[in-house]
There are 2 protein chains.
Amino acid sequence: MVEERKDADRDLIGAWTKRCYFAGRAVMDSVLRPYDLGSVQWYVLYQLTTVGPTMQRDLARLLTIERATMTGIVATLVRKGLVEQEPDRIDQRQKLLRITATGAKLWGELPDLSFIRSAAFDGIDDADIAAALRVLQTATERLEKLLQKGTAS
Amino acid sequence: MVEERKDADRDLIGAWTKRCYFAGRAVMDSVLRPYDLGSVQWYVLYQLTTVGPTMQRDLARLLTIERATMTGIVATLVRKGLVEQEPDRIDQRQKLLRITATGAKLWGELPDLSFIRSAAFDGIDDADIAAALRVLQTATERLEKLLQKGTAS
DNA sequence: CCAATCTTGCTAGCTACCTAGCAAATATGT
DNA sequence: ACATATTTGCTAGGTAGCTAGCAAGATTGG
């Protein structure tokens with residue numbers, strides 16, 4: 001019956017991975033809602049503030065999202081006047097993203113979000129956290145490899 | 001420096017949770033694409049096939065998604081002729097969902113998806129899986145509680 | 001030097017998640 | 001009995017992800 005529990009764990013882990021991801025995003029979204037920002041929009045502002053102007057394609061790679069997804073997020077931020085998008089002088093295909101004065105001002109008003117990570121993980125056993133990370137990384141790596149093979153055919 | 005790694009783990013785990021969730025869904029989506037089905041549409045058919053006709057609101061609870069999200073998914077399946085939606089005789093607000101003959105036929109043609117779970121988790125240490133599940137459940141529970149408080153205010 | 005091939009960002013169209021607010025049906029309290 | 005919840009599913013509008021296919025710019029190989 002211990003064997004059964006181990007199988008059950010493997011059934012459950014996918015569902016809890018999803019639920020945990022959405023719970024975290026929901027908290028983040030609810031904090032950002034008064035500022036009319038989504039969670040990925042927040043991350044773009046974070047990058048442009050703390051690291052500086054960044055190529056759009058590099059940002060897509062950092063966030064491991066598709067170029068087409070990035071296009072939409074950048075368009076929203078440009079529409080709101082928080083970010084500027086400018087073709088690179090050398091390579092005209094690439095767009096350089098830069099935070100605007102309005103964007104910098106908004107960033108200054110945003111609350112610190114680190115309490116979310118603390119709320120989720122503080123007090124949990126370090127070894128458990130490390131094990132969870134190993135499981136998630138291994139599973140992700142295998143799934144991404146599987147997807148490549150499937151797409152290549 | 002071990003302390004630093006422990007902090008770093010807590011920073012990374014959120015990102016990997018997201019990435020793992022999306023990798024799993026991407027594999028599922030790529031297998032279902034030839035059948036013109038999404039992953040949640042698959043789960044609805046699974047439920048209606050293996051358990052039988054189900055109330056729409058119960059299905060939303062099972063999948064822990066909002067009623068409004070369910071509305072859209074059911075509408076898609078009804079449009080494709082795979083699912084029937086019928087008001088309950090006793091409580092006219094509720095809709096009973098039932099698979100159609102077309103839906104049952106399609107279900108019979110679908111490949112078995114259990115290889116995805118195997119690919120992701122087979123061979124990983126049972127204790128690590130159990131630890132990962134503990135971490136995800138604990139974090140989710142805390143985040144959902146945090147959200148309730150935030151929303152209540 | 002120019003043809004073929006990448007790379008980048010775009011549009012179009014899809015899935016799947018959310019909140020807010022509505023209308024209809026049911027349940028509850030006095 | 002009837003006014004007041006509550007529940008259910010809907011619409012409208014927004015975020016965040018995807019694929020497919022295009023056009024323009026950059027790179028590479030003969």
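Values in this document were obtained by computation on a predicted structure and should not be read as measured data.
Distances from the side chain of A/R57 to the nucleotides D/dG17, C/dG9, C/dC17 place C/dG9 closest. For B/Q85, counting side-chain heavy atoms from C-beta on, the closest listed nucleotide (C/dT15, C/dC17, D/dG9) is D/dG9. When each of D/dG17, C/dC10, D/dC10 is scored by its nearest atom to the side-chain atoms of A/A68, the top-ranked nucleotide is C/dC10.
In this structure, the CZ atom of B/R33 is 10 Å from the C1' atom of D/dA20, given to the nearest Å. Rounded to whole angstrom, the span from the CZ atom of B/R61 across to the P atom of C/dC17 amounts to 18 Å. One interatomic measurement links the two molecules: CD1 of B/I65 to C1' of C/dT15, which rounds to 12 Å at whole-angstrom precision. Between the CE atom of B/M70 and the P atom of C/dT15 there is a distance of 14 Å, rounded to whole Å. Distance CG (A/D58) to C1' (C/dT7): 13 Å, rounded to an integer number of Å.
Across all strands, B/Y21 comes closer than 4.0 Å only to sugar-phosphate atoms, never to a base (heavy-atom distances). Heavy atoms of A/A26 sit nowhere under 4.0 angstrom from any nucleic acid atom.
Between C/dA16 and B/T69, no contact under 4.0 Å exists linking OP1 or OP2 to a side-chain N or O. Proximity of B/T71 to the phosphate of D/dG9: no side-chain N or O atom is located under 4.0 Å from OP1 or OP2. Taking 4.0 angstrom as the limit, B/K18 places a side-chain polar atom (N or O) nearer than this to OP1 or OP2 of D/dG17. Contact check, B/Q41 against C/dA16: a side-chain N or O comes under 4.0 Å of OP1 or OP2. Proximity of B/R25 to the phosphate of D/dA16: no side-chain N or O atom is located under 4.0 Å from OP1 or OP2.
The residues A/R117 and B/D11 are annotated as salt-bridged, a charged nitrogen and a carboxylate oxygen being separated by less than 4.0 angstrom. The residues A/R10 and B/D126 are annotated as salt-bridged, a charged nitrogen and a carboxylate oxygen being separated by less than 4.0 angstrom. Look at A/K95 and A/E86 and you find no salt bridge, because none of the NZ, NE, NH1 or NH2 atoms lies under 4.0 Å from a carboxylate O.
Mapping A/M55 and B/S39 onto DNA chain C by nearest heavy atom places A/M55 at the nucleotide closer to the 5' end. Between A/R67 and A/T64, the residue anchored nearer the 5' end of DNA chain D, judged by the nucleotide with its closest heavy atom, is A/T64.
The closest donor-acceptor contact from the side chain of A/T100 to the backbone of A/L82 lies under 3.5 Å. Side chain of B/R142 to backbone of A/D122: a donor-acceptor contact under 3.5 angstrom is found. For A/S30 (side chain) and A/V27 (main-chain N/O), a donor-acceptor pair under 3.5 Å exists by modelled atom type.
Heavy-atom distances under 4.0 Å link DNA chain C to B/I90, B/D91, B/Q92, B/R93 of residues 86-98 of chain B, given in residue order.
Between B/D36 and B/K80 there is a side-chain heavy-atom pair separated by less than 4.5 Å.
In D/dA5 the O4'-C1'-N dihedral to the base is within 90° of 0, which defines a syn nucleotide.
Ring geometry, B/Y46 versus B/Y43: the interplanar angle falls from 30° to 60°, so the pair is classed tilted.
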